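To keep things clear, I will list the structure first and then write my remarks on it.
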Amino acid sequence: MRTLRRALRLPSARLSAVVLVVVAVAAVFGHWLAPLDPLAQDSAHVLSGPSAGHLLGTDGLGRDVLSRLVAGTSSSIVATLEAVGTALLVGIVLGIGSLWLGRGYEWASLRFVDSLQTLPYVVFVVAVVGVLGNGLTQAMLAIGLLYSPIFFRVSRAASLALLRAQYVEAAELFGATRLWILRTHLWSKILPTIAVTAAQASAECLLAVQSLSFLGIGVQPPAPTWGGMLADDLGFLAQQPWAPLIPAITIMITVGALNAIADAISDSADLLVVDASPPQPGSAQEVSDAAVAVR
Amino acid sequence: MSAVVAVPRPGAAVAETWRLSGWARRVLRMLVTTATVFLITSFGTYALGALSKTNPAAAVLGETATPADITRMNHQFGLDRPLLVQYATWLGHAFTGDLGTSYFTSIPVAASVRQALPVDLGITGLAALFAVLIGGTAGIAAALNGGGRLDRSVTAVCSALSTIPGFVIGIVLIVVFSATLRILPAGGYVSFGTDPVQWFRCLLMPSFALSLTLAAHIARQLRTSLVATLRENYVVGATVRGLSQRRVLLRHALRNAMGPALGILTVGVPALLSGSVPTERIFNLPGVALLTLQSAERHDIPVIQGTLLVTVTTVLVCNLVLGALLARFTPQARR
């Protein structure tokens, strides 16, 4: 909390927080806030520019662009939260487990994470959806699984540094259980690091979700999504070349705000400096163990 | 700076009896890891198909199939055997170049992949080249400019690029160069053997669009590590000894700063292949990514498994080559 308050003193963080609050409001109340029905087709105004009736104009089927933009927020945000939630859960449980459950488990979990990092996420999600059927949950669980290595490496590396600290050793000598050490010493120290990683991962997941909804995966058309709007605009580039800019700029502002928040938190917290980039093949353990340093 | 203490490394004795250099040992270890990872991912790929709720036999035979027909078809596809046996058979066939047959078109998967793969190698290869050239130039320029206007604008452009999905850049390029200026084709593909010039014209926009996100990553990483390296004592020392700025940069600073930036390429290969799905859709390029997408829409499981296996193998081979090169040419990795 103290870290968060300190982070919010930066002007860039305040601006991003405002942006994210607006996005969150649009995500929750989007269907009521949208000025018009996002699915209603106004055949009298197809591909019209901005006007009093349609503030951001209409698309190729005469649907109000502003309404689709506002109503499409919720699916992007829900999808991102599902994916990041899955990644957090899988990554942290496997990562902290890899320190305590013995060499065999450690080796297996490291190779498992290496394997996940070789999978290109769009190709993998397309394959998963192709086999299991198209749906937001399947697609987001698959993305979450592919993003879990980041949290695995961060939580593992951060904990590894802390477990070598003398006060943890002392607690162990006094007979503290592992769960007690996890709760008292570990959790509060690795939380800011994980928060920064989660903000960065949300930004990346949001981008991934846009690529997928562009391809019609996760949320199917005609339901409004930002990526889906880009796909619709693609057919009318000759008539309205500026139309893709509207969803594109919305995506850029949201992702930019998430990135700025991540930077602000990491600037104002005493983070454990962790290199979360995947190591070179063949040296997985050395790199993730060596790349840790407490500032 | 940590003190260097001479501690005999575990396994040093083995290496001496084998007479392997440090580099060969690293590459050997990479091979073992890569093989393990390949087994895990290929099993995952195969098991994914088994999770499917649609029964392929029922899908192929249609609604009029009797249970007896379905049982016979299942036996013909080998779907009535244990999963591990099916996997081993599938992988064994894959090594001989047989990836099975599409449930719907009866075209061998390997034939479709062989036809599609050059497209992906073309765009991702060109994209990687662009990313290294653009990212490398921008990163070096920014680092040498240290805090100046050029440095700040490179940083700003990189931050902006990391907030756009790569395919949006593709759309912008189509608007500018195809719809407005009409100098490049908006889509389609001509093989290199048929017409190299047209091949390049077709792939120029998609690979450039694909490369920018990675170029931004490389530029940012190279700038950071180069700025740090330029402050190191040996670089200052080389400058004081009167070596030219160019020589100091190329021989001393860049060689040491390059490692982390090239390391990004190992993450970059899956990212490029990932981005190639929307890119191939936009530019209508008949590559493996588009093949995966089309067979996913039809639930054509053998094709999905085949393309995923080929994609994973491509990533692993690229990472192995990159890892071996990095271990050979960057001073840090040689320890």
Side-chain angles (χ1 to χ4, degrees), chain A residues 108 110-112 114-134 146 203-204 206-208 210-212 214-217 227 230-231 233-234 237-238 241-242 244-245 247-248 251-260 275 277-284, chain B residues 26-27 29-34 36-37 40-41 44-45 48-49 51-53 159-160 162-165 167-168 171-172 174-175 179-180 263-264 266-267 270-275 277-278 281-282 289 292-293 295-297 299-301 304-305 307-308 311-312 315-316 319-320 323 326-327 333:
Chain A
L110 279 168
R111 289 297 87 77
F112 177 66
D114 283 346
S115 309
L116 288 180
Q117 284 187 319
T118 61
L119 291 165
Y121 64 84
V122 177
V123 181
F124 179 69
V125 176
V126 166
V128 167
V129 163
V131 173
L132 299 182
N134 199 350
L146 290 199
E204 283 185 37
L206 193 63
L207 284 177
Q210 303 318 321
S211 295
L212 291 170
F214 174 79
L215 297 169
I217 288 169
L230 285 168
D233 291 337
L234 200 59
L237 284 184
W242 48 267
L245 289 180
I251 297 171
M252 281 181 76
I253 292 176
T254 317
V255 175
L258 281 169
N259 280 337
D275 180 9
S277 62
Q280 307 307 316
S283 59
Chain B
R26 277 184 76 94
V27 171
R29 208 158 17 146
M30 276 181 220
L31 274 173
V32 174
T33 316
T34 308
T36 323
V37 168
I40 298 175
T41 41
T45 303
L48 186 66
L51 283 175
S52 161
K53 277 177 251 113
S159 312
S162 66
T163 63
I164 318 177
F167 64 88
V168 173
I171 298 178
V172 174
I174 291 188
V175 170
T180 315
I264 286 199
T266 46
V267 203
L272 287 179
L273 287 171
S274 187
V277 184
R281 165 58 66 84
I282 292 175
T292 318
L293 192 63
S295 38
E297 280 159 7
H299 304 291
D300 197 344
I301 290 164
I304 298 174
Q305 288 170 329
T307 50
L308 199 56
T311 311
V312 167
V315 174
L316 286 176
N319 281 0
L320 200 59
L326 273 176

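Basis for what follows: all heavy atoms, side chains included, without hydrogens, waters or symmetry-related copies. To find a chain, count down the sequence lines: A is the first, B the second, and so on, and within it residues start at 1. Treat the numbers as computed from the prediction; the structure is a model and nothing was measured.
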Practice problem: Name the region of B:S159, side chain, backbone, both or neither, that has any atom closer than 4.5 Å to a heavy atom of chain A. | Solution: neither
Quiz prompt | Which of B:P270, B:S162, B:A271, B:A179 touches chain A most, by non-hydrogen pairs under 4.5 Å | solution = B:P270
Quiz item: Which answer fits B:T311, side chain, backbone, both or neither, if we ask what part of it has an atom under 4.5 Å from a heavy atom of chain A?
Solution: side chain
Quiz item: side chain to side chain donor-acceptor pair (under 3.5 Å) with A:D233: which residues, sequence neighbours excluded?
Solution: none
Quiz prompt | Contacting moiety of B:L293, where chain A heavy atoms sit under 4.5 Å | solution = both
Quiz prompt | Residue A:V128 versus chain B: region with a heavy atom under 4.5 Å | solution = both
Quiz prompt | Structural part of B:L308 lying under 4.5 Å from a heavy atom of chain A | solution = side chain
Practice problem: Look at B:T41, B:V37, B:T180 and state which one has the largest set of heavy-atom pairs under 4.5 Å with chain A. | Solution: B:V37
Quiz prompt | Residue, of B:V312, B:T36, B:V32, that accumulates the most heavy atom pairs under 4.5 Å with chain A | solution = B:T36
Quiz item: What part of B:V315 gets closer than 4.5 Å to chain A, counting heavy atoms only: side chain, backbone, both or neither?
Solution: side chain
Quiz item: Taking every heavy-atom pair that is under 4.5 Å apart, which of B:S295, B:P278, B:A289, B:S274 has the most such pairs with chain A?
Solution: B:S274
Quiz item: Between B:I171, B:L316, B:T292, B:L273, which residue shows the highest count of heavy-atom pairs closer than 4.5 Å to chain A?
Solution: B:I171
Practice problem: Measure from the side-chain N and O atoms of B:H299 to the backbone N and O of A:V131, and report whether any donor-acceptor pair falls under 3.5 Å. | Solution: no
Self-check item: A:P241, part contacting chain B, at a heavy-atom distance under 4.5 Å
Solution: both
Exercise. Please look at B:I174 and chain A and tell me whether the side chain, the backbone, both or neither of the residue comes under 4.5 angstrom of a heavy atom of that chain.
Key: side chain
Self-check item: Residues which pass side-chain contact (heavy atoms from CB on, under 4.5 Å) with A:A257, listed by chain and number, not counting sequence neighbours
Solution: A:S16, A:V19, A:L20
